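Notes follow the structure.
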2 protein chains.
Amino acid sequence: MSLQLRPGQALKLWHDSVLDLVHLDESGLTVRQLSILLTVYLELPPHTVRGVAQKLKVTKPVITRALDSLGRLELVARRRDPADKRNVLIQRTVKGALFVEKLGDFMVSRAQTLPS
Amino acid sequence: MSLQLRPGQALKLWHDSVLDLVHLDESGLTVRQLSILLTVYLELPPHTVRGVAQKLKVTKPVITRALDSLGRLELVARRRDPADKRNVLIQRTVKGALFVEKLGDFMVSRAQTLPS
DNA sequence: CTCGATTGTTACGCAACCGATATAGAGCAG
DNA sequence: CTGCTCTATATCGGTTGCGTAACAATCGAG
């Protein structure tokens, strides 16, 4: 089953949710950082720097720097891959999980207030 | 009529849409800039610097700088208010309208591919 | 073991953003 | 006109992000 959504609804939903995110902004997140965060929390592990870089179509240093920032905020963590020590595994954190969960709740409640 | 959306669906929809946005990224938009852009195009004019600043709960210089950037990208335009020349009216542009429209289309098509 | 390939990080120069403060221009009450 | 308020912008120092290029660590084929 697919979700039917008209452009006007979609944009309003995005607008409202982004506004919530800006208000929640203890962080100063970039669109890229947000994208990385959601990728790590929504797609199946394991996540490597290279893999995420390909997914976002950006260079690896971009991911490294974003992980520095997200790590400082404790929204994600890094760990060396024991199997192949060249790899870095991007891991979830409690704080990050709560943050993402809050984002989802915002969007759900915003969706309920959309005009038909 | 409200739109029923489960948290998992909402987050996946956001993830997919943000990913599209990052790919479309000729711009390097900030979450704040995106928020301003959507506000200008979705809410009723007129939009002033002060008004948008209140809406986003940020200071006015933040809006001024964001308008500099968005103006450089031709996504919005500025005009002095003839009635009260202290005000600056934030106006829409063709390029900005197309950009926002594209965002809406992305989200609509992403919504259709959501699992139920 | 050796060497090329792969992974992630760091270094560098540059541009953009931030918060806070100061400033310039316009309105408005008296 | 005078002074006070309001608007938006300019300025300052500091922080952060970017792209490119170099780098160290690790793997794996031969």
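None of the values given here were measured: they were computed from a predicted structure. Numbers restart at 1 for each chain; the letters A, B, ... are given by sequence-line order, proteins then strands.
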Taking only side-chain N and O atoms of [X], does any of them lie within less than 4.0 angstrom of OP1 or OP2 on [N]?
{"X": "R50(B)", "N": "dT7(D)", "answer": "yes"}
{"X": "S69(A)", "N": "dG17(D)", "answer": "yes"}
{"X": "R86(B)", "N": "dT5(D)", "answer": "no"}
{"X": "N87(B)", "N": "dA8(D)", "answer": "yes"}

Review point. Where each residue is assigned the nucleotide of DNA chain D containing its nearest heavy atom, which of D81(A) and T59(A) is assigned the position nearer the 5′ end?
Key: T59(A)
Is it the case that the side chain of [X] and the backbone of [Y] share a donor-acceptor pair, with hydrogens and angles ignored and the cut-off at 3.5 Å?
{"X": "T30(B)", "Y": "T30(A)", "result": "no"}
{"X": "H23(A)", "Y": "K55(B)", "result": "yes"}
{"X": "H47(A)", "Y": "V40(A)", "result": "yes"}
{"X": "R80(B)", "Y": "R86(B)", "result": "yes"}
{"X": "Q9(A)", "Y": "L114(A)", "result": "no"}
{"X": "R78(A)", "Y": "L89(A)", "result": "no"}

Review point. Which part of the nucleic acid, if any, lies within contact of A53(A), taking any heavy atom under 4.0 Å across all strands shown: a base, the sugar-phosphate backbone alone, or nothing?
Key: nothing
Measure from [atom1] on [X] to [atom2] on [N] and round the result to the nearest Å.
{"X": "I63(A)", "N": "dG19(D)", "atom1": "CD1", "atom2": "P", "value": "10 Å"}
{"X": "R65(B)", "N": "dG17(D)", "atom1": "CZ", "atom2": "C1'", "value": "16 Å"}
{"X": "R80(A)", "N": "dA25(D)", "atom1": "CZ", "atom2": "P", "value": "11 Å"}
{"X": "Q54(B)", "N": "dT7(D)", "atom1": "CD", "atom2": "C1'", "value": "12 Å"}
{"X": "L67(A)", "N": "dC18(D)", "atom1": "CG", "atom2": "C1'", "value": "15 Å"}
{"X": "K60(A)", "N": "dG17(D)", "atom1": "NZ", "atom2": "C1'", "value": "19 Å"}
{"X": "I90(B)", "N": "dT7(D)", "atom1": "CD1", "atom2": "P", "value": "14 Å"}

Review point. Chain B on DNA chain C: first and last contacting nucleotide, 5' to 3', under 4.0 Å to a heavy atom?
Key: dA16(C) to dG27(C)
Review point. Between the side chains of H15(B) and T39(A), does any donor sit under 3.5 Å from an acceptor?
Key: yes
Review point. Do P115(A) and K12(A) have side chains that get closer than 4.5 Å, going by heavy atoms?
Key: yes
Review point. When you measure from every atom of DNA chain D, which of residues 32-49 of chain B have a heavy atom less than 4.0 Å away?
Key: T48(B), V49(B)
Practice item. Treat each ILVMFWY residue as a node, draw an edge where side-chain heavy atoms are under 4.5 Å apart, and state whether L37(A) and L56(A) are in one component. Key: yes
